[in-house]
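All values below were derived from every heavy atom in this structure, side-chain atoms included, with hydrogens, water molecules and symmetry-related copies excluded. Labels below follow one simple rule: chain letters A, B, ... track the order of the sequence lines, proteins then strands, and each chain is numbered from 1. This structure is a prediction, so every number in the text was calculated from the model and none was measured.
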Amino acid sequence: MPDPLPSIDPNRRPPMTPRIALVPDQQGRGGRLQRLTEQGEPVGGVLTARDLAAAVAELEAAERPRWVWAAAESAYVPLLAELPDRLGRCHDLRLVEPLLLGHEGRWGAPRSLGAAWARLRGLPVPDDLPEAGAAEAQDSLFAPDRLQLPPGTDPLTAVLAVHAEQQRRLGAFEDAAERSRFRLLVAAESAGALAAAEMAAAGLPWRAEVHDAMLTELLGPRPTVPGTQPARLAELSVRLQQALGSKPFNPDSHTQVLKAFADQGIRLSSTRVWELRGIDHPAAELMIRYKELSRIHSAHGWAWQDAWARGGRFRPEYVVGGVVSGRWASRGGGALQIPRVLRRAVVADPGWRLVVADAAQLEPRVLAALSEDAALARSAAGGDLYQALAATAFHGERDKAKLGLLGAMYGQTSGDIGPLLAILRQRYPVAMGYVEAAARTGEEGGIVRSRLGRSCPPPSDAWLDLTEAAGGEGEQGPRSARARGRFTRNFVIQASAADWALALIAALRRRLAELPDHPHLVFFQHDEVIVHTPAELAEQVVSAVTESAAEASRLVFGPTPVQFPMSTAVVECYADAK
DNA sequence: TTCGCACGCGCC
DNA sequence: AAAGGGCGCGTGCGAA
């Protein structure tokens, strides 16, 4: 019986894509290949390749298979520089294993190839190694074998067995629609592994001289002696001490700052900027300015540039599935937290452009599609969702519509948001009922899942003890129960938005590969992508983005009146995109 | 000296 | 006036 939803497939020939397992040699450039059926049965013999990249490139061109490997870090990254074209599809065992474990309620079980192999064979299951950054792996001549296989185990044998087992578990979903969506999740997560490796290799174009000029303007010239404070910070530090009439103190120390203000009779509960803003004292403004500049210096200053943005590219490392909701995390350089002010340094190469695209109001649209609330879907049928919501329910007051909807998705209860939530509940009972049901499930210790089937973590033992002890007393249950309710309430939306974004990335990288001259993804941040492209292809890239968003919507949500518009900009500099 | 935590702020 | 989901990371600081 055909699945009700198609899987991601460039040639629209689902679902029988040829599969080839790929295992590189421990050293050298060779490796082994094994053709597989969909179920993971070997077909024919093992092919040994002296030049793995050449063999892979040839098979990719001829068959467009789905490559099966233990992990992209070990199987794809080393090949990347030698392949003439990107690979189209893969099944990444290391990423699929935790998706399956989570769905099976075996959250937290070790996820390496070796662990999956051990479970299959009834062997002692090795713990996962702590995550290692790329720099760490490169520095070590004897990088640990991250596959965690028992000594003497043939990696190809383990890859084949674990892959067959994963395919069996995927096929074991009883509900056909659920199975189909989870298969899509597996394909999309694996596509994420390809995209992440490619983006790390490409890097985000970064003009060090622009960055340097900005730092110099804000902070003063780069200190020649490492470890000394830039001039502006040192000046502010002195002026702070004068303003507070205090002995020298370290403005980076919360305790010392609190004490210095307290000596002036100003009692602060923290040194947060919003709290300082309410203080009528010259030192407060100086402190705020100091924190602004100090933050830029320590988080994205010259040291950061030396470490992460050399050779005209910022090269972070993306961690696919690094957040439980399915959002990506990053390791090194704070890739997902580039301050807006520094976007001036992100500049396309000469003759090239940046296509900056973000999904407008993604999360409320996801809520509309998930909950199938017809009234909310009408507001999400295009254009400005908050404005449409305001026109319908908030007398045109957009701010109130936005605040209310965000509050509903995050579980906010306090402040003057109550009346807004009441209006939303009355006008959009289906959508509000959806998030409230998710919250109740969480409060009761249950599990919720994203649209494609990514599971949230179960409550911890400590949480169970706490809520047990509280015995459901109190108006809304104990604090920890309500906190978990907020988490699961948000999880269904954030994780489903991540599902959609992964599908977008998968579709977009496929469409980009069809264009000449390799426009390529260089940045991905939750609901935003940047493509670096030859200028003459920019409009085609914009079309590819728009089409990919429509494809992602169709794949993840099926037929829905909800639109997921992308706002796109073709620019030379990232800072000009908004 | 090293490690882990709290804080605070950057991004979504 | 503060508030409410998810992260990474630099700094200070006390414990080990």
Side-chain angles (χ1 to χ4, degrees), chain A residues 130-131 133 227 229 233 249-259 268-279 287-288 290-301 303-304 307-308 316-319 321-343 358-364 366-367 402-418 420-421 435 438-439 442 448 450 454 456-457 479 482-498 500-501 523-529 574 578:
Chain A
E131 293 291 341
Q229 254 189 341
L233 282 178
F249 72 101
N250 180 357
D252 290 321
S253 163
H254 309 136
T255 36
Q256 291 181 36
V257 171
L258 291 180
K259 184 167 182 313
L268 299 167
S269 60
S270 75
T271 65
R272 291 192 177 98
V273 167
W274 58 255
E275 189 163 351
L276 289 167
R277 271 202 239 283
I279 303 299
M287 192 65 224
I288 290 169
Y290 179 89
K291 283 161 87 74
E292 272 174 12
L293 295 183
S294 165
R295 168 83 194 175
I296 289 176
H297 178 239
S298 65
H300 289 95
W304 177 91
W308 298 105
E317 189 183 351
Y318 293 97
V319 185
V323 181
V324 291
S325 65
R327 280 185 173 181
W328 291 11
S330 70
R331 200 155 38 211
L336 305 184
Q337 302 122 258
I338 302 172
R340 302 187 89 86
V341 291
L342 290 191
R343 294 181 180 182
D358 74 287
Q361 304 154 337
L362 178 59
E363 295 198 342
V366 164
L367 171 59
K402 181 175 179 177
L403 209 65
L405 202 49
L406 289 174
M409 293 189 295
Y410 287 155
Q412 184 178 347
T413 53
S414 53
D416 45 6
I417 197 176
L420 305 182
L421 293 180
V435 288
V448 295
S450 74
R454 190 187 306 264
C456 80
R479 279 169 66 93
R482 291 201 306 276
R484 189 155 194 282
R486 286 192 298 274
F487 169 62
T488 50
R489 172 195 292 264
N490 185 251
F491 183 93
V492 292
I493 297 170
Q494 187 184 116
S496 300
W500 182 90
F523 191 63
F524 170 48
Q525 184 183 38
H526 313 316
D527 61 359
E528 177 177 2
V529 296
Y574 188 16
K578 280 184 185 171

Given side chains that start at C-beta, do those of [X] and [Y] come closer than 4.5 Å, heavy atoms only?
| X | Y | value |
| --- | --- | --- |
| A/Phe487 | A/Val324 | yes |
| A/His526 | A/Ser325 | no |
| A/Leu233 | A/Ser294 | yes |
| A/Leu276 | A/Lys291 | yes |

If you check every side-chain atom of [X], which of [options] has the closest atom?
| X | options | value |
| --- | --- | --- |
| A/Ala329 | C/dG6, C/dG8, B/dC9 | C/dG8 |
| A/Asp527 | B/dC9, B/dC11, B/dC12 | B/dC12 |
| A/Ser270 | B/dG8, B/dC9, B/dG10 | B/dG8 |

Looking at [N], I'd like to know if its phosphate oxygens (OP1 or OP2) sit under 4.0 Å from a side-chain N or O belonging to [X].
| X | N | result |
| --- | --- | --- |
| A/Lys291 | B/dG8 | no |
| A/Arg327 | C/dG6 | no |
| A/Ser325 | C/dG6 | no |
| A/Arg272 | C/dA1 | no |

[X]: which residues meet the side-chain contact (heavy atoms from CB on, under 4.5 Å) condition with it, sequence neighbours left out?
| X | result |
| --- | --- |
| A/Ser253 | A/Asn250, A/Thr255, A/Gln256 |
| A/His254 | A/Thr271 |
| A/Val435 | A/Leu367, A/Arg489, A/Ile493 |

Legend entry - Contact letters for nucleotides 10-16 of chain C, in which S counts primed atoms plus P, OP1 and OP2 and B counts the base, heavy atoms under 4.0 Å: SSSS---
Inset, instruction - Return yes if some donor-acceptor pair links the side-chain N/O of A/Glu275 with the main-chain N/O of A/Leu268 below 3.5 Å, else return no. - result: no
When the distance from [atom1] of [X] to [atom2] of [N] is rounded to whole Å, what number comes out?
| X | N | atom1 | atom2 | result |
| --- | --- | --- | --- | --- |
| A/Met409 | C/dG6 | CE | C1' | 13 Å |
| A/Arg489 | C/dG4 | CZ | C1' | 10 Å |
| A/Phe523 | B/dC12 | CZ | P | 8 Å |
| A/Trp274 | B/dG10 | CH2 | C1' | 18 Å |
| A/Leu421 | C/dG4 | CG | P | 12 Å |
| A/Trp328 | B/dC12 | CH2 | P | 17 Å |
| A/Leu406 | C/dA3 | CG | P | 17 Å |
| A/Tyr410 | C/dG6 | OH | P | 10 Å |

Using atom names, set out every protein N or O paired with an N or O of nucleotides 3-5 of chain B below 3.5 Å, distance rounded to 0.1 Å.
none

Inset, instruction - Kindly indicate whether the side chain of A/Gln337 and the base of C/dG8 share any N or O donor-acceptor pair separated by less than 3.5 Å? - result: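 Per atom types, the contact qualifies.
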Inset, instruction - Not counting sequence neighbours, which residues clear ring pair (Phe, Tyr, Trp, His ring centres under 6.0 Å) with A/Phe524? List them please. - result: A/Trp328
Inset, instruction - Just call it for A/Gln525: base, sugar-phosphate, or nothing, with non-hydrogen atoms closer than 4.0 Å on any strand. - result: sugar-phosphate
Inset, instruction - Would you mind classifying the nucleic acid contact of A/Arg343 as base, sugar-phosphate or nothing, using non-hydrogen atoms under 4.0 angstrom? - result: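 Sugar-phosphate contact only - A/Arg343 comes under 4.0 Å of backbone atoms but never of a base.
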Inset, instruction - Go through the steps for A/Tyr290 and A/Asp252 under the test side chain to side chain contact (heavy atoms under 4.5 Å, CB included), then give the verdict. - result: CA-CA 9 Å; A/Tyr290 179 89; A/Asp252 290 321; 3.2 Å; yes
Inset, instruction - Could you pick out which residue, A/Leu403 or A/Gly322, lies toward the 5' side of DNA chain C when each is mapped onto its nearest nucleotide? - result: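 Looking at the nearest nucleotide for each, A/Leu403 comes out on the 5' side.
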Legend entry - First of A/Gly334 and A/Glu275 reached from the 5' end of DNA chain C, by closest nucleotide: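 Closest to the 5' end, via its nearest nucleotide, is A/Glu275.
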